[in-house]
Amino acid sequence: MSAVLQPPSLTLVRNPHPQRKDWFDEPPARTTVEAERRHRKERLAVAFRLFARFGFDHGLAGHITARDPELTDHFWVNPFGLHFSQIKVSDLLLVNSQGEIVVGQGPLNRAAFAIHAALHEARPDIVAAAHTHSTYGKAWSALGRELDPLTQDGCAFYQDHALFDTFSGVVLETDEGFRIGKALGQRKAVILKNHGILTAGPSVESAAWWYIALDNACHTQLLAEAAGKPQPIPHDVAVLTHSQVGRPGGAEFSFKGFYDIIVREQPEVLQ
């Protein structure tokens, strides 16, 4: 009769000082301008690859910008016509406040300059802004309404997004960019009627994740309204939930998980 195999004993390696840890540690600060610039450019290049994976790569439309940490009236942006899935750190353009390419070859998307130059000037606290022609963002924008607080995730934008209700064609002048900035105010996102959606944040990571989350919120409400009559979350609960899920820290760590995947699968993005 064969012996019954016993599972190997497990030796638990205990923490010497058990403690609660309910949230993430703050990321270490970059100690030099060069390190901060590199950090922003790496996250920006990966954000484009991530947007391509989510299908936010419709034709020539779309741009994400990152303010330069030293030349604060300059920003980094994608070159016009290079597909999001192919963008590397070395492809990014540095553009000044006059729309001139200071670093890189170009060409520059004039709509990107018109929108983002105005936003970066009007909101010194904004490090990054994202805008593409994502399908669900476009579909929701055609309704000319703000989103309702229908889900926990959607509450990240409760009383924290606006509607820009004037569409006048492709944005090619900074005057309209300033009007979009005025509509955005101190919020994290704006719905551009008949156009799409835009997000802005204090880091590349937050602006990019909030764009993904806002498109998802648009998709969710479109599905809910197609299925029946949605039941919004009450105001006081939505306000509380926004305070819990709408902060930049959560957005940055949500982005980090995707960042790690893209860099592991496509390491050339950092070149």
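Because only heavy atoms are used, hydrogens play no part in the values below, and waters and symmetry mates are left out as well, while side chains stay in. Source: prediction; values computed, not measured.
- Figure legend: Arg179 and Phe164 shown without cation-pi pairing, the cationic atom not lying both under 6.0 angstrom from the six-membered ring centre and within 45 degrees of its axis.
- Taking each heavy atom of Gly137 and Cys218 in turn, the nearest pair found is CA-SG, 4.2 Å.
- With values rounded to the nearest 0.5 angstrom, Asp165 atom CG is found 14.5 Å from Arg145 atom CZ.
- Between Phe51 and Phe84, the ring-plane angle classifies as tilted under the 30° and 60° cut-offs.
- Considering OG1 of Thr135 and CG of Asp215, their distance stands at 7.5 Å, rounded to 0.5 Å.
- For His131 and His195, the ring centers sit closer than 6.0 Å to each other.
- Val103 and Ile87 fall within a single hydrophobic cluster, where Ile, Leu, Val, Met, Phe, Trp and Tyr are joined by side-chain heavy atoms under 4.5 Å apart, directly or via other members.
- Judged by distance alone, with hydrogens and angles left aside, the side-chain atoms of Asn109 form no donor-acceptor pair with the main-chain N or O of Phe80 at under 3.5 Å.
- Sorted by first and then second residue, the side chain to side chain donor-acceptor pair (under 3.5 Å) pairs involving residues 197-207 (not counting sequence neighbours) are His39-Glu205, Ser203-Ser206, Ser203-Glu252.
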**Request:** Could you please spell out the steps behind the salt bridge (Lys or Arg N to Asp or Glu O under 4.0 Å) verdict for Arg187 and Glu146?
**Result:** CA-CA 13 Å; Arg187 304 171 186 86; Glu146 294 181 19; over 6 Å; no
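- The distance from atom CH2 of Trp76 to atom CG of Leu44, rounded to the nearest 0.5 Å, is 10.0 Å.
- Looking only at side-chain heavy atoms (C-beta outward), Leu71 and Val102 stay at 4.5 Å or farther from each other.
- Residue Phe178 comes nearest to Glu121 through the heavy atom pair CZ-OE1, 3.4 Å, listed as atom of the first residue, atom of the second, then distance.
- Both Phe48 and Leu270 sit in one connected hydrophobic cluster of ILVMFWY residues. Membership requires side-chain heavy atoms under 4.5 Å apart, directly or through other members.
- Under the ring pair (Phe, Tyr, Trp, His ring centres under 6.0 Å) criterion, the residue pairs touching residues 219-241 are Tyr136-His219, Tyr158-His235, with sequence neighbours excluded.
- Hydrophobic cluster membership is shared by Leu92 and Tyr211, with clusters built from Ile, Leu, Val, Met, Phe, Trp and Tyr side chains linked at under 4.5 angstrom.
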**Step-by-step side chain to side chain contact (heavy atoms under 4.5 Å, CB included) determination, Arg38 to Val89** = CA-CA 9 Å; Arg38 182 68 191 185; Val89 168; 3.4 Å; yes
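- In Gln105, the CD atom is not crowded: 12 or fewer heavy atoms of neighbouring residues, nucleotides or ligands sit closer than 6.0 Å.
- Contact record, His133 with Lys138: O-CE, 3.3 Å, taken as the closest heavy-atom pair.
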**side chain to side chain contact (heavy atoms under 4.5 Å, CB included) assessment of Val95 paired with Thr65** = CA-CA 10 Å; Val95 179; Thr65 55; over 6 Å; no
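- Going from atom CD1 of Ile64 over to atom CZ of Phe75 covers 13.0 Å, rounded to the nearest 0.5 Å.
- Although no hydrogens or angles enter the test, the distance criterion places no donor-acceptor pair under 3.5 Å between the side chain of Asp148 and the main chain of Leu150.
- Counting only distance, with no hydrogens or angles, the side chain of Gln159 and the backbone of Phe157 share no donor-acceptor pair below 3.5 Å.
- Arg43 places no side-chain N or O within donor-acceptor distance of the main-chain N or O of Arg40, the cut-off being under 3.5 Å.
- Using a distance-only test at 3.5 Å, with no hydrogens or angles considered, no donor-acceptor pair links the side chain of Asp68 to the main chain of His74.
- Between His63 and Ile115 the shortest side-chain heavy-atom distance falls below 4.5 Å.
- Leu147 and Ile233 fall into different hydrophobic clusters, where Ile, Leu, Val, Met, Phe, Trp and Tyr side chains are chained together by heavy-atom contacts under 4.5 Å.
- Of all heavy-atom pairs between Ala217 and Gly154, the closest is CB-CA, 4.5 Å.
- A donor-acceptor pair under 3.5 Å links the side-chain atoms of Arg67 to the main chain of Ile126, judged by distance alone.
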**Request:** Give the intermediate values and the outcome of side chain to side chain contact (heavy atoms under 4.5 Å, CB included) for residues Ile197 and His161.
**Result:** CA-CA 10 Å; Ile197 57 176; His161 74 291; over 6 Å; no
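- In this structure, the separation between OG on Ser141 and CD1 on Ile191 is 8.0 Å, given to the nearest 0.5 Å.
- For the residue pair His83 and Ala52, the shortest heavy atom distance occurs at CE1-CB, 4.3 Å.
- Under the 4.5 Å side-chain contact rule for hydrophobic residues, Val269 and Leu82 share a cluster.
- To the nearest 0.5 Å, atom CD1 of residue Ile212 and atom CZ of residue Phe54 are 4.5 Å apart.
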**Request:** Under the side chain to side chain contact (heavy atoms under 4.5 Å, CB included) rule, what do Arg49 and Lys88 come out as? Steps first, then yes or no, please.
**Result:** CA-CA 9 Å; Arg49 300 277 182 119; Lys88 304 187 298 292; 3.6 Å; yes
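- Scanning all heavy atoms of the two residues, the minimum distance from Ser97 to Phe113 falls at O-CZ, 3.3 Å.
- At least one side-chain heavy atom of Lys256 sits less than 4.5 Å from a side-chain heavy atom of Asp260.
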